[in-house]
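Heads up, the thing below is written out as C-alpha cells.
Sequence positions, counted from 1, serve as the residue numbers for this chain.
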Amino acid sequence: MTTSDKPDLAADTPAEPTGVAARNWDGAAADPQYRAAVVDLLGALAYGELAAFERLAEDAKLAPTLADKAELASMASAEFHHFARLRDRLAEIGEEPTVAMEPFVAALDGFHRQTSPSDWLEGLVKAYVGDSIASDFYREVAARLDADTRDLVLAVLDDTGHASFAVEKVRAAIEADPRVGGRLALWARRLMGEALSQSQRVVAERDALSTMLVGGVADGFDLAEVGRMFSRITEAHTKRMAALGLAA
C-alpha cells in the first residue's frame with residue numbers, strides 16, 4: 001500500500017489492547033469464525049498487493065522520464081515483497097494462498113478495469129488516493145485483530161514511497177498548468193466512489209468479514225462504529241486531496 005500520512009484513524013481505541021487484540025494468533029484462532037475472518041482479510045490484502053505490483057509495473061510505462069520509471073519500478077518491487085509476506089503467512093497457518101485470494105479477484109479486477117488511468121498523472125492519483133482508502137480501512141480493522149496478525153497487517157501497509165512521490169509530481173503539474181487540477185479532482189472523486197463501492201461489495205459477500213465488522217466476531221465494530229469508521233476514512237481522503245492541491 002502507498003499511504004504515508006497515516007491519519008489517526010483509530011485514536012479512540014484503547015492504548016492497551018484488550019480482548020482478542022491482547023492475544024496471539026494461536027489463542028484467537030481457536031474461534032473458527034475469527035479464523036475465517038482473518039483468512040479472508042489476509043486473502044484480500046494479498047491479492048490487493050499483487051494487483052498493486054502489477055499496476056505499478058504497468059504504470060511505469062507511462063512515466064515521462066527514466067528516473068520516474070525507476071521510481072515506480074522500485075515501488076512495484078516493494079508491493080511484491082508485501083504480497084510475498086502475506087502469501088507466506090497464509091501458508092504458515094495452513095491455508096492455500098490462491099484459494100484465500102480467489103474470492104476477491106473479481107471485485108479488485110473490476111475496480112481496476114473501471115478506473116484505468118488515461119495518463120501518468122491519473123495513475124499517480126489513483127495509487128495515492130485509491131490505495132490509501134484501502135489502507136485506511138485495513139488499519140481500522142487491524143486494531144481489532146490478534147497481535148500477530150495485527151503486526152503483519154500494519155507492516156504490509158507501510159508506505160512504499162509512492163505518497164510523497166505522487167504529491168510532489170501532481171502539485172508540480174498543477175502549478176505548471178492549473179487546468180490539470182479540475183480534471184484530476186473529478187478523477188479522484190470517481191476513485192473514492194468506486195473504492196467505497198467495491199469494499200462494501202466485498203464485505204457484504206463474505207460472511208466472516210461482515211460479521212467481524214458489526215461486532216459478531218471477537219472485538220469487532222458495532223453498527224454505530226462502522227459509520228464513524230467510514231466518516232474517518234472520508235475525512236482522511238479530504239486531507240489527502242488537499243495535500244495534492246485538489247478540491248475534495
Side-chain angles (χ1 to χ4, degrees), residues 1-3 9 33-59 75-76 79-80 82-87 89-90 95-118 122-123 125-142 144-145 149 152-153 156-157 160 162 187-214 216-217 220-221 223 226-227 229-234 236-237 240:
M1 299 297 171
T2 57
T3 184
L9 297 176
Q33 198 168 26
Y34 175 79
R35 179 188 177 92
V38 169
V39 170
D40 271 355
L41 189 69
L42 297 182
L45 259 174
Y47 190 69
E49 295 289 351
L50 183 59
F53 159 72
E54 293 178 316
R55 190 186 71 246
L56 286 170
E58 188 67 22
D59 286 353
M75 293 171 190
E79 299 289 9
F80 189 83
H82 291 165
F83 159 73
R85 291 191 63 179
L86 291 159
R87 177 199 61 198
R89 178 57 176 166
L90 282 163
E95 300 291 336
E96 170 54 52
T98 55
V99 173
M101 290 188 289
E102 186 61 39
F104 308 101
V105 171
L108 285 167
D109 284 357
F111 170 74
H112 289 305
R113 279 195 303 271
Q114 292 165 22
T115 58
S116 178
S118 63
E122 287 190 0
V125 171
K126 179 179 176 179
Y128 181 57
V129 171
D131 287 0
S132 294
I133 293 168
S135 293
D136 289 347
F137 172 76
Y138 289 123
R139 282 196 181 90
E140 290 273 4
V141 176
R144 272 75 178 178
L145 298 174
T149 304
L152 173 62
V153 169
V156 300
L157 295 178
T160 60
H162 208 139
W187 171 244
R189 285 195 285 273
R190 178 184 169 193
L191 289 170
M192 177 68 170
E194 291 287 352
L196 290 178
S197 175
Q198 290 293 352
S199 64
Q200 289 166 353
R201 173 188 164 193
V202 166
V203 170
E205 291 178 354
R206 304 300 295 176
D207 290 342
L209 273 181
S210 60
T211 303
M212 173 185 277
L213 280 179
V214 297
V217 175
F221 300 89
L223 288 175
V226 170
M229 175 187 73
F230 280 107
S231 292
R232 290 190 293 270
I233 291 173
T234 301
H237 169 72
R240 290 192 183 96

Determine the minimum heavy-atom distance between His237 and Ala188, stating which atoms define it.
CE1-O, 4.0 Å
Going through the distances and angles, do Arg35 and Glu95 end up as a salt bridge (charged side-chain N to carboxylate O under 4.0 Å, His left out)?
CA-CA 11 Å; Arg35 179 188 177 92; Glu95 300 291 336; 3.2 Å; yes
Dump the intermediate steps for side-chain contact (heavy atoms from CB on, under 4.5 Å) on Arg240 and Met192, then the final yes or no.
CA-CA 12 Å; Arg240 290 192 183 96; Met192 177 68 170; over 6 Å; no
Flag side-chain contact, heavy atom, 4.5 Å: Val153 against Leu86:
no
Should Met229 and Phe137 count as side-chain neighbours, where that means a heavy-atom distance under 4.5 Å?
yes
Would you give the length of the straight line joining atom CD of Glu54 to atom CG of Asp109, rounded to the nearest 0.5 angstrom?
8.0 Å
Taking the side chain as C-beta and beyond, is there a heavy-atom pair between Leu41 and Leu145 under 4.5 Å?
yes
Using 0.5 Å steps for rounding, measure from the CD atom of Glu79 to the CG atom of Asp131.
6.5 Å
Could you state the interatomic distance from CZ (Arg85) to CD (Glu49), rounded to the nearest 0.5 Å?
10.5 Å
Ignoring hydrogens, what is the shortest heavy-atom contact between Ala57 and Ala76? Give both atom names and the distance.
N-CB, 4.0 Å
Search all heavy atoms of Tyr47 against all heavy atoms of Met101 and return the closest pair with its distance.
N-SD, 3.6 Å
Answer whether the closest heavy-atom distance between the side chains of His112 and Lys126 falls below 4.5 Å.
yes
Got a sec, which residues hit side-chain hydrogen bond (donor to acceptor under 3.5 Å, both in side chains) with Arg89, two or more places apart in sequence or on another chain?
Glu92
Pairwise distance CD(Glu96) to CZ(Arg87) - rounded to 0.5 angstrom:
10.5 Å
Scanning both residues in full, the closest heavy-atom pair of Asp136 with Ala236 reads OD2-CB, 3.5 Å
When you compare the side chain of Ser118 with that of Trp187, does any pair of heavy atoms fall below 4.5 Å?
no
What are the two closest heavy atoms between Ala46 and Phe83, and how far apart are they?
O-CD1, 3.4 Å
How far does CG of Leu157 sit from CG of Leu45, to the nearest 0.5 angstrom?
6.0 Å
Where is the tightest heavy-atom contact between Ala195 and Ile133, given as atom of each residue plus distance?
CB-CD1, 4.0 Å
Measuring from Arg144:CZ to Thr149:OG1, what's the distance to the nearest 0.5 Å?
15.5 Å
